[in-house]
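One structure below.
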Amino acid sequence: MDSTVALPQPQYATHDVTNQAPPLAPYDASDDPALLEGLRREGAEWAEPGIRRLGARAGSAEAQEWGELANRHEPELRTHDRYGNRIDEVDFHPSWHHLMRTAVAEGLAGAPWADDRPGAHVARTAGGLVWGHTESGHGCPTSMTYAAVPALRAQPDLAKVYEPLLTSREYDPGLRTPAEKPGLLAGMGMTEKQGGSDVRTNTTAATPTAEPGVYTLRGHKWFTSAPMCDVFLVLAQAPGGLSCFLVPRVLPDGSRNAFRVQRLKDKLGNRSNASSEPEFDGTVAWLVGPEGRGVKTIIEMVNCTRLDCVMNSATLMRKTLVEAGHHVRHRSAFGARLIDQPLMRNVLADLALESEAATTLTLRLAGAADRAVRGDEQERAFRRIATAVGKYWVTKRGPAFTAEALECLGGNGYVEDSGMPRHYREAPLLSIWEGSGNVNALDVLRALSREPGAADVLFGELAHARGADPRLDTAVARLKSDLAGTDQAGARRLVERMALALQASLLVRYAPGAVADAFCATRLGGDWGHAFGTLPAGTGLDPILERALPGGN
């Protein structure tokens, strides 16, 4: 006889989970009309199937988890092996390598420089705008690899050896002889404790050897990201002045170059990416370009990475807007879904305007870069000034934008599980990297004063929208009058006005009327508050939201 007594089952559940948004993934990160329209308009319509495929992959549960894991399990520095040999290696979580392998294979590193199709550089930027929905840190080595190619071309003999490997779509981690690898990654080392952005005060010394073009370096770099890259472009003081050098981690004979990683930076954000302080002592380096022309040689690299700062800020805006839109469609408060609450709709529509303006400008800059590479001097001049303008303004808008998008989730957005704190910590980096706000604002003044035609090419772009909106016409006229009297103290104010006029001109020409009208009324017409969600009464919110939020509102 069974004497077992059936005991009552404990009831641990105190309530059912309701009124919470389901996971966003899987979703399509390329489901963005502003992005796809810009891709076609800027000459890369042929890339749309690939961008859509990459967008679906970026929004997959697997890729989203890669991004989360790469940031949870941060890179670790190993200065020595178990036997005491100096190795200076950084270990990454497998998710980092999954992200990197995809990015390189999809042409987000150096591949466009080996692609003769018009729009190849636009396609890369569009790819970054969607693949960046995974996480931002691994965009650093892909960006630097992309940017290294035009700088390296200042030394044709080195470019002949390294460019085919830097433009490869093969990701091959680990330190080995560069010529033996199917693909390479490049980094850069400019800043030092002594000067930061004022790189001409660098103290790293470059001493010529008996072999022509070969030097040894001695010094300490303050910020050198992605130290596991294969080669680096660095600045150092040669006998003829500040010069640019190529520094490989592994020398042609297979021995390790002197690249002593003293520590990894403990950063606010961008945690998946290792940023290091390397020390050079007898480090072998090859001269790139003439002695004394280091800044001029490496400036092409800076122009490229500044564009990527704009791209990454626009990506963070779009990603956090999608997250906010998803949440408010599934969350209810005070008797209605959040998406149906008038004030929340105002906030989301305002964010949508900012996001579309950033994406549209990013793709216009990418189009200018692509056409400049193909010999269009007008576009080269436009790229020069407009990239600095965009770098200043779009990256400045990023932190405020991500904070507001996070707030749309309320307390749910303040916890790490939501992913929003990671995006919020990431946002300030893009304004700091490749020159802070002041550096870029002053760079715009420098271009206006030293480069003939810089102002003309900017106003030539704005003239394409002349007569389309009186508020834009007024802003452009005011901008022209401001140019003559602006000094250093007024640089930020001037560049802000340039950026808003440029964004408005693009939206007036290419965006739906509701988007362009609301942007001009607020950003140019002054009918706007100091926070997002202050669009004026009568603004057509419905068409803005229907365009901006995947799956409607």
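Along the sequence shown, the residues carry numbers beginning at 1.
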Answer yes if the side chains of T201 and Q194 hold a donor-acceptor pair under 3.5 Å, and no otherwise. no

Indicate yes or no for a side-chain donor-acceptor contact from S418 to the backbone of V415 under 3.5 Å, with no hydrogens or angles considered. yes

To the nearest 0.5 Å, tell me how far M311 CE sits from T359 OG1. 11.5 Å

After noting the C-alpha distance and the side-chain angles of T402 and R425, does the key distance pass the side chain to side chain contact (heavy atoms under 4.5 Å, CB included) rule? CA-CA 9 Å; T402 53; R425 290 191 298 269; over 6 Å; no

Do side-chain atoms of R249 reach the backbone of P227 as a donor and acceptor pair under 3.5 angstrom? yes

Output every pair passing ring pair (Phe, Tyr, Trp, His ring centres under 6.0 Å) with a member in residues 23-61, not counting sequence neighbours, ordered by first then second residue. Y27-H133

CG-CG distance between L500 and L361, expressed to the nearest 0.5 angstrom: 10.5 Å

Passes salt bridge (charged side-chain N to carboxylate O under 4.0 Å, His left out), R263 versus E277? Steps please. CA-CA 6 Å; R263 62 172 173 169; E277 288 181 44; 2.4 Å; yes

Evaluate the criterion side chain to side chain contact (heavy atoms under 4.5 Å, CB included) for residue pair C244 and L235; output intermediate values, then yes/no. CA-CA 5 Å; C244 181; L235 293 176; 4.2 Å; yes

Output all residues satisfying salt bridge (Lys or Arg N to Asp or Glu O under 4.0 Å) with E37, sequence neighbours left out; order by chain, then residue number. R547

Return yes if some donor-acceptor pair links the side-chain N/O of E379 with the main-chain N/O of A369 below 3.5 Å, else return no. no

Run the side-chain contact (heavy atoms from CB on, under 4.5 Å) test against L251 and tell me which residues pass, sequence neighbours left out. P248, D253, S255, N257, V284, W286

Checking T102 against L54 for the side chain to side chain contact (heavy atoms under 4.5 Å, CB included) test, could you report, in this order, the C-alpha distance in whole Å, the side-chain angles of both residues, the deciding distance, and whether it holds? CA-CA 9 Å; T102 301; L54 185 59; 4.3 Å; yes

Between the side chains of Q237 and N202, does any donor sit under 3.5 Å from an acceptor? no

Side-chain contact, heavy-atom cut-off 4.5 Å: L502 with E461? yes

Return the set of residues passing salt bridge (Lys or Arg N to Asp or Glu O under 4.0 Å) with E192 (not counting sequence neighbours), or none when no residue passes. K221

Quick one: side chain to side chain donor-acceptor pair (under 3.5 Å) partners of R78, sequence neighbours excluded? E89, D91

Under the side-chain contact (heavy atoms from CB on, under 4.5 Å) test, which residues partner A357, sequence neighbours left out? Q503, L507, F519

Just to verify, what does E404 make a salt bridge (Lys or Arg N to Asp or Glu O under 4.0 Å) with, not counting sequence neighbours? none

Is it the case that D443 and N440 place a side-chain donor and acceptor less than 3.5 Å from each other? no

Would you tell me whether D28 and S30 have side-chain atoms, one donor and one acceptor, within less than 3.5 Å of each other? yes

Is a side-chain N or O of S355 found less than 3.5 angstrom from the main chain of L351, in a donor-acceptor match? no

Evaluate the criterion salt bridge (charged side-chain N to carboxylate O under 4.0 Å, His left out) for residue pair R86 and D88; output intermediate values, then yes/no. CA-CA 6 Å; R86 187 89 194 209; D88 298 285; 2.9 Å; yes

So E42 and R371, salt bridge (charged side-chain N to carboxylate O under 4.0 Å, His left out) or not? Walk me through it. CA-CA 9 Å; E42 298 298 338; R371 289 182 281 276; 2.7 Å; yes

Just checking, any donor-acceptor pair under 3.5 angstrom between side chains of R492 and N438? yes

With C229 as reference, evaluate T224, L184, V247, L185 under the side chain to side chain contact (heavy atoms under 4.5 Å, CB included) test and give the passing residue. L185

What pairs meet the ring pair (Phe, Tyr, Trp, His ring centres under 6.0 Å) rule with one or both residues in residues 142-163, with sequence neighbours excluded? W113-Y146, H121-Y146

Is the backbone of G137 close enough, under 3.5 Å, to the side chain of E135 for a donor and an acceptor to pair up by distance? yes

Could you check whether any side-chain N or O of K181 sits under 3.5 Å from a backbone N or O of Y171, counting only pairs where one atom can act as donor and the other as acceptor? no

I need the minimum non-hydrogen distance between V161 and L165, along with the two atoms involved. O-CD1, 4.0 Å

Test salt bridge (Lys or Arg N to Asp or Glu O under 4.0 Å) applied to D417 - qualifying residues, sequence neighbours left out: none

Looking only at atom types and distance, does a side-chain atom of S60 sit under 3.5 Å from a main-chain N or O of R57, one as donor and one as acceptor? yes

Counting distance only, does the side-chain N/O of D370 pair as donor-acceptor with the main-chain N or O of G119 below 3.5 Å? yes

E426 with R422: basic N within carboxylate O range, under 4.0 Å: no

Quick one: does S143's side chain have a donor or acceptor within less than 3.5 Å of a partner on D308's backbone? no

If you apply the rule side-chain hydrogen bond (donor to acceptor under 3.5 Å, both in side chains), what do you find for K267 with S275, and how did you get there? CA-CA 8 Å; K267 299 174 292 184; S275 296; 2.9 Å; yes

So among R101, R53, R124, R169, which one has a salt bridge (charged side-chain N to carboxylate O under 4.0 Å, His left out) with E106? R53

Could you walk me through whether E76 and V90 pass the side chain to side chain contact (heavy atoms under 4.5 Å, CB included) check? CA-CA 5 Å; E76 296 182 0; V90 178; 6.0 Å; no

Heavy-atom count check: over 12 atoms from other residues, nucleotides or ligands less than 6.0 Å from E65 CD? no

Under the ring pair (Phe, Tyr, Trp, His ring centres under 6.0 Å) definition, can you give me all pairs with a residue in residues 215-238, not counting sequence neighbours? Y215-F245, F232-F259

Tell me yes or no: between the side chains of W131 and H138, is some donor less than 3.5 Å from an acceptor? yes

Keeping to residues at least two apart or across chains, list the ring pair (Phe, Tyr, Trp, His ring centres under 6.0 Å) pairs with something in residues 377-405. F401-F532

Checking R117 against E45 for the salt bridge (charged side-chain N to carboxylate O under 4.0 Å, His left out) test, could you report, in this order, the C-alpha distance in whole Å, the side-chain angles of both residues, the deciding distance, and whether it holds? CA-CA 11 Å; R117 291 175 294 182; E45 184 175 4; over 6 Å; no

Quick check against the 3.5 Å criterion: does R271 have a side-chain atom that pairs as donor or acceptor with the backbone of E74? no

Among residues two or more places apart or on two chains, list those pairs meeting salt bridge (charged side-chain N to carboxylate O under 4.0 Å, His left out) that have a residue in residues 391-403. E354-R397

Student check: side-chain heavy atoms of T360 and R364 closer than 4.5 Å: no

Could you check whether R260 makes a cation-pi contact with F280, meaning its NZ or CZ is under 6.0 Å from the centre of the six-membered ring and within 45° of the ring axis? no

